[in-house]
Amino acid sequence: MSSKLFKIFLAAMAVVIACIGVKSGYHVGKQANYPVAYSEFITKYAAKNKLDRYLVMAVIKVESNYVPEARSQYAAGLMQLTEETAEWNAVQMKLENYDYLDPETNIMIGCHYLRYLIDKYDNIDTALAAYNGGMGNVSKWLNDSRYSDDGETLKYIPFAETRNYVKKVNKHWENYKQLYK
């Protein structure tokens, strides 16, 4: 092999290696933006409730960004449960002496609630809208022809926060599936 051909070969190899490094770095960087803390609990309770674990990861990402101490005006924990929602689900699950702010318990109750909403509405986006905007609001929207054509699925979510929430969860759900499957 001539010296010139060898140099071209080395340059081509350097480009290939650099591309692999960039792609690898991109993937690692993207994974840093999509944590999987508490994956043992997520996997366990997603399976128990027949949920896609990547959906649960996306809900946690949007709700608390994996900060177990996260609090909003009304909700707390990884899956941002209100005390009332946690209590209602705990009764349904026959839980006693629970701490809904404990990460495992929060995920366990949050997964149970998410499954309940999916079963109730038979549509993941509608269930996510109820998770964020409340079942009362979703019921009103489903009964309003401006927001639902069939009374079962939402064509439009009037609350911008809830509309954006559903979009974010779906976007993060896709990213989790792509990164970790």
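A salt bridge is defined here as a Lys NZ or Arg NE, NH1 or NH2 lying under 4.0 Å from an Asp or Glu carboxylate O, and Asp119 with Arg115 meets this definition.
Thr126 places none of its side-chain heavy atoms less than 4.5 Å from the side chain of Val166. Side-chain atoms of Ser72 and Gln80, non-hydrogen and from C-beta on, do get closer than 4.5 Å to each other. Using a 4.5 Å heavy-atom cutoff, the side chains of Tyr131 and Met79 are in contact. Annotation: side chain of Glu69 is not in contact with side chain of Leu101 (no heavy-atom distance under 4.5 Å). In this structure, Leu142 and Glu152 have side chains that are not in contact, with every pair of non-hydrogen atoms separated by 4.5 Å or more. Counting only heavy atoms from C-beta outward, the side chains of Lys155 and Arg146 never approach each other to under 4.5 Å.
Counting only distance, with no hydrogens or angles, the side chain of Asn137 and the backbone of Gly133 share a donor-acceptor pair below 3.5 Å. Remark: the backbone N or O of Leu78 is paired with a side-chain donor or acceptor of Ser64 at under 3.5 angstrom.
Rounding to the nearest 0.5 Å gives a distance of 13.5 Å between CZ of Phe41 and NZ of Lys48. Distance CG/Leu114 to OH/Tyr45: 15.5 Å, rounded to 0.5 Å. If you take CG on Asn170 and CG on Asp125, they are separated by 4.5 Å, rounding to the nearest 0.5 Å. The NE2 atom of His172 lies 8.0 Å from the CG atom of Asn65; values are rounded to the nearest 0.5 Å. Atom CD1 of residue Ile118 and atom CG of residue Asn123 lie 9.5 Å apart, to the nearest 0.5 angstrom. In this structure, CG on Leu55 lies 11.5 Å from OH on Tyr176, to the nearest 0.5 angstrom.
Summarising the geometry of Thr82 relative to Ala75, their closest heavy-atom pair is N-CB, 4.0 Å, with the distance given to 0.1 Å. Across every non-hydrogen atom of Cys111 and Ala46, the tightest pair is SG-N, 4.0 Å. Shown here for Ala86 and Ile109, the closest heavy-atom pair between the two residues is CA-CG2, 4.0 Å. Minimum heavy-atom separation, Tyr34 to Lys171: OH-CE, 4.1 Å. Minimum interatomic distance between Ser139 and Tyr121 (heavy atoms only, all atoms of both residues): OG-OH, 4.2 Å. Closest of all the heavy-atom pairs between Asp99 and Thr105 is O-CB, 3.3 Å.
Heavy-atom neighbours of Gln92 CD from other residues, nucleotides or ligands within 6.0 Å: above the threshold of 12. Heavy-atom contacts from other residues, nucleotides or ligands closer than 6.0 Å to CG of Asp122 number 12 or fewer.
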*Begin from the C-alpha positions of Asn49 and His112 and carry the test side-chain hydrogen bond (donor to acceptor under 3.5 Å, both in side chains) through to its verdict.*
CA-CA 6 Å; Asn49 290 282; His112 179 270; 5.3 Å; no

*For side chain to side chain contact (heavy atoms under 4.5 Å, CB included), just list the numbers for Ile60 and Glu63, CA-CA rounded to whole Å, side-chain angles, deciding distance to a tenth of an Å, and then say yes or no.*
CA-CA 5 Å; Ile60 293 171; Glu63 289 290 352; 5.8 Å; no

_Run the side chain to side chain contact (heavy atoms under 4.5 Å, CB included) test on Val36 and Met57 for me, step by step, so that the C-alpha distance in whole Å, both residues' side-chain angles and the decisive distance to 0.1 Å come before the verdict._
CA-CA 7 Å; Val36 288; Met57 290 175 185; 3.7 Å; yes

*Can you check side chain to side chain contact (heavy atoms under 4.5 Å, CB included) on Tyr147 and Lys140, steps first, answer last?*
CA-CA 9 Å; Tyr147 310 125; Lys140 287 181 208 168; over 6 Å; no

_Quick one, Tyr66 with Tyr38, criterion ring-ring contact (aromatic ring centres under 6.0 Å, His included). Give me CA distance, side-chain angles, the key distance, then yes/no._
CA-CA 8 Å; Tyr66 286 83; Tyr38 309 101; 7.0 Å; no

*Apply the test side-chain hydrogen bond (donor to acceptor under 3.5 Å, both in side chains) to residues Asn89 and Tyr113: give CA-CA distance (whole Å), side-chain angles for both, the deciding distance (0.1 Å), then the verdict.*
CA-CA 7 Å; Asn89 280 276; Tyr113 185 50; over 6 Å; no

*Please step through side chain to side chain contact (heavy atoms under 4.5 Å, CB included) for the pair Glu104 and Lys44, ending with a clear verdict.*
CA-CA 10 Å; Glu104 180 176 7; Lys44 177 180 177 180; 3.6 Å; yes

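Using cut-offs of 30° and 60° for the angle between ring planes, the Phe159 and Trp141 rings count as perpendicular.
Hydrophobic clustering (ILVMFWY, side-chain heavy atoms < 4.5 Å, transitive): Tyr156 and Leu154 are in one cluster. The same ILVMFWY cluster, assembled from side-chain heavy atoms under 4.5 Å apart, contains both Ile42 and Met93.
Inspection of the Tyr100 and Asn106 side chains reveals no N or O donor paired with an N or O acceptor under 3.5 Å.
Centroid-to-centroid, the aromatic rings of Tyr54 and Tyr180 stay 6.0 Å apart or farther.
A cation-pi geometry, defined here as NZ or CZ lying under 6.0 Å from the six-membered ring centre and within 45° of its normal, holds between Lys177 and Trp173.
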